There are 2 protein chains.
Amino acid sequence: MKAQALHGHLDALLLAVLERGALHGYAIIEALRARSEGALDLPTGTIYPALRRLERAGHVASSWSTVNGRERRTYELTDSGRRALAGERAGWREFSATVGQFLGDTPPAPA
Amino acid sequence: MKAQALHGHLDALLLAVLERGALHGYAIIEALRARSEGALDLPTGTIYPALRRLERAGHVASSWSTVNGRERRTYELTDSGRRALAGERAGWREFSATVGQFLGDTPPAPA
DNA sequence: GCCCACACGTAGTCTTGCTACCTATGAAGG
DNA sequence: CCTTCATAGGTAGCAAGACTACGTGTGGGC
């Protein structure tokens, strides 16, 4: 699917993924792909700048760790990030309800 | 709500509004505001360029009519536009389902 | 030894919606 | 009569955000 449509919701997705536990950038991409069943396959050029944005905003904190000689920067949610996520969720609900009104009912998520 | 979040879905909204009948630009803005209960209050600088985009793409056709000495450009859906709308609807469903998976279930639209 | 998957990152482009501004008419109010 | 407001259409330039393309470096498999 056109990831372009994410516009403005990407930050929320990243926060949501990190909500389940700290991950490093590459793992975030894989988590997004896995949980969306392949629908979200975001390039690194999308993820890393977004993570820096979130870090500048104080919503995530990063720390370097060397695993198998491999440098990995692990990101985790801050309290501010958790609050932001709650807001993003509310925003998403309003947005999807509003747009859904025009584009047909938002289908209830299947179990 | 932040209309900025529309990004990429505005065209679909416009097509959806015109689906119910031809309207002129100003009326489209009012229809969006009315049907969304005020949530969508889009400026003319957003609507008119978008309509021209849709016209260039062949999804809408416009015709001038003078009503009470007032120039009104009425837009209506073309067949191509109807097909595009169907595609946009499908895209929206996929998009909202995917994002909803991360941001909590998309709430079923209230009756 | 070479290539691929892993892992991080930046620069520049492109789309798209927004702000700010301009034009013009008809009706209402002073 | 003149000003102001709602209606009605439109453009130029800005800003945000995601993408493409590129660049760096390691470890493991062939």
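Here the structure is a predicted model, which is why all the values come from computation and not from measurement. Just so it is clear: chains get the letters A, B, ... in the order the sequence lines come, proteins before strands, and each one is counted from 1. Computed over heavy atoms, backbone and side chain alike; hydrogens, waters and symmetry mates excluded.
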Could you tell me which residues satisfy salt bridge (charged side-chain N to carboxylate O under 4.0 Å, His left out) with A/R70, sequence neighbours excluded, listed by chain and number? none
Looking at side-chain heavy atoms only, is the closest gap between B/L103 and A/L85 below 4.5 Å? yes
Rounded to whole angstrom units, what separation is found between the CG atom of A/L6 and the P atom of C/dG17? 15 Å
Between B/H9 (NE2) and D/dG17 (P), how many Å, whole number? 15 Å
In whole Å, I'd like the distance from the CD atom of A/E71 to the C1' atom of D/dT26. 10 Å
Would you say D/dA8 has OP1 or OP2 under 4.0 Å from some side-chain N or O of B/R72? yes
Please state how far atom CH2 in B/W64 lies from atom P in D/dA8, giving the value in whole angstrom units. 12 Å
Return yes if some donor-acceptor pair links the side-chain N/O of A/T78 with the main-chain N/O of A/G58 below 3.5 Å, else return no. yes
Check nucleotides 27-30 of chain D against the protein and report each pair of N or O atoms closer than 3.5 Å, with its distance, or say if there are none.
from: D/dG27; atom 1: O4'; to: A/R70; atom 2: NH2; distance (Å): 3.1

Rounded to whole Å, the CZ-P distance (A/R73 to C/dC8) equals 9 Å
Could you check whether the rings of A/W92 and A/H9 sit parallel, tilted or perpendicular, using 30° and 60° as the cut-offs? perpendicular
Across all chains, not counting sequence neighbours, the side-chain hydrogen bond (donor to acceptor under 3.5 Å, both in side chains) partners of B/R89 are B/E19
Partner set under side chain to side chain contact (heavy atoms under 4.5 Å, CB included) for A/T46, not counting sequence neighbours: A/L10, A/P43
Find the distance between CZ (A/R73) and OG (A/S65) and round it off to the nearest 0.5 Å. 11.0 Å
Heavy atoms, side chains only, cut-off 4.5 Å: are A/H59 and A/E88 in contact? no
Could you check whether any side-chain heavy atom of A/L40 comes within less than 4.5 Å of a side-chain heavy atom of A/L6, counting everything from C-beta outward? yes
Go through it in stages, so that I can follow the logic: the residues are A/D11 and A/R53, the test is side-chain contact (heavy atoms from CB on, under 4.5 Å), and I'd like the CA-CA distance, side-chain angles, deciding distance and then a yes or no. CA-CA 9 Å; A/D11 290 7; A/R53 219 164 40 225; 3.0 Å; yes
Which whole-number value in Å describes the distance from A/D11 CG to D/dA16 C1'? 11 Å
Which residues in residues 43-56 of chain B have a heavy atom closer than 4.0 Å to any atom of DNA chain C? B/P43, B/G45, B/T46, B/R53
Going by heavy atoms in the side chains, are B/D79 and B/R82 under 4.5 Å from each other? yes
Could you check how far OH of B/Y75 sits from C1' of D/dG10, rounded to whole Å? 9 Å
Rounded interatomic separation in angstrom, taking CG from B/L40 and P from C/dG17: 12 Å
Which parts of residues 20-30 of chain A get close to DNA chain C, meaning a heavy atom less than 4.0 angstrom away? A/H24, A/G25, A/Y26
